[in-house]
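These notes are about the structure you will find just below.
Numbers here are sequence positions counted from 1.
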Amino acid sequence: MGSLRRISLRNKLRIAFLAVIILSILISGGFSYSIATAILENNALKLTQDNVVKSAQIVDEKLNKLSLIMMTFMISQPFEEMLKDANAAGYELRGSRFMDRIYKNE
C-alpha cells in the first residue's frame with residue numbers, strides 16, 4: 001500500500017489505462033477465438049457431410065451401372081446356354097434353383 005502512495009497520479013493513470021487496454025484485448029481475443037472455433041467446426045461439418053453425400057452418390061451410380069450390366073449379362077443368350085449346359089452336366093450351381101425357376105417359364 002505504501003508503494004501506491006509514492007506513485008504519482010500520472011503514473012497511476014497510465015497503469016490503470018494499460019490494465020484496461022490489456023483486459024479489453026484479452027476479452028475481445030477470447031470472444032474472437034470462440035467465434036472462429038464455432039465457424040470452423042460448422043464449416044468442417046458441412047464439408048464432411050458434402051463429401052459423404054458425394055461418395056454415396058458415386059457408389060449408388062456405380063452399383064446401378066453394375067446392376068444393369070449384370071442384368072444384361074443374365075438375360076443374354078450365351079449365359080442361358082451355359083446354365084442349361086451346366087445343369088445338364090449335373091453341376092450344382094449356387095442359385096441354380098433360382099435360375100431354374102427363371103428358365104422354367106420358357
List, one per line, each side-chain donor-acceptor pair under 3.5 Å for residues 48-71, sequence neighbours excluded.
{"unit_1": "Thr48", "atom_1": "OG1", "unit_2": "Ala44", "atom_2": "O", "d": "2.8"}
{"unit_1": "Asn51", "atom_1": "ND2", "unit_2": "Leu47", "atom_2": "O", "d": "3.4"}
{"unit_1": "Ser55", "atom_1": "OG", "unit_2": "Asn51", "atom_2": "O", "d": "2.9"}
{"unit_1": "Asn64", "atom_1": "ND2", "unit_2": "Asp60", "atom_2": "O", "d": "3.3"}

Grouping I, L, V, M, F, W and Y whenever their side-chain heavy atoms are under 4.5 Å apart, do Phe31 and Leu23 come out in a common cluster? yes
Quick one: CG on Leu13 to CG on Leu9, what's the gap to the nearest 0.5 Å? 4.5 Å
Under the criterion side-chain contact (heavy atoms from CB on, under 4.5 Å), which of Asn43, Asn42, Thr37 is the partner of Ile39? Asn43
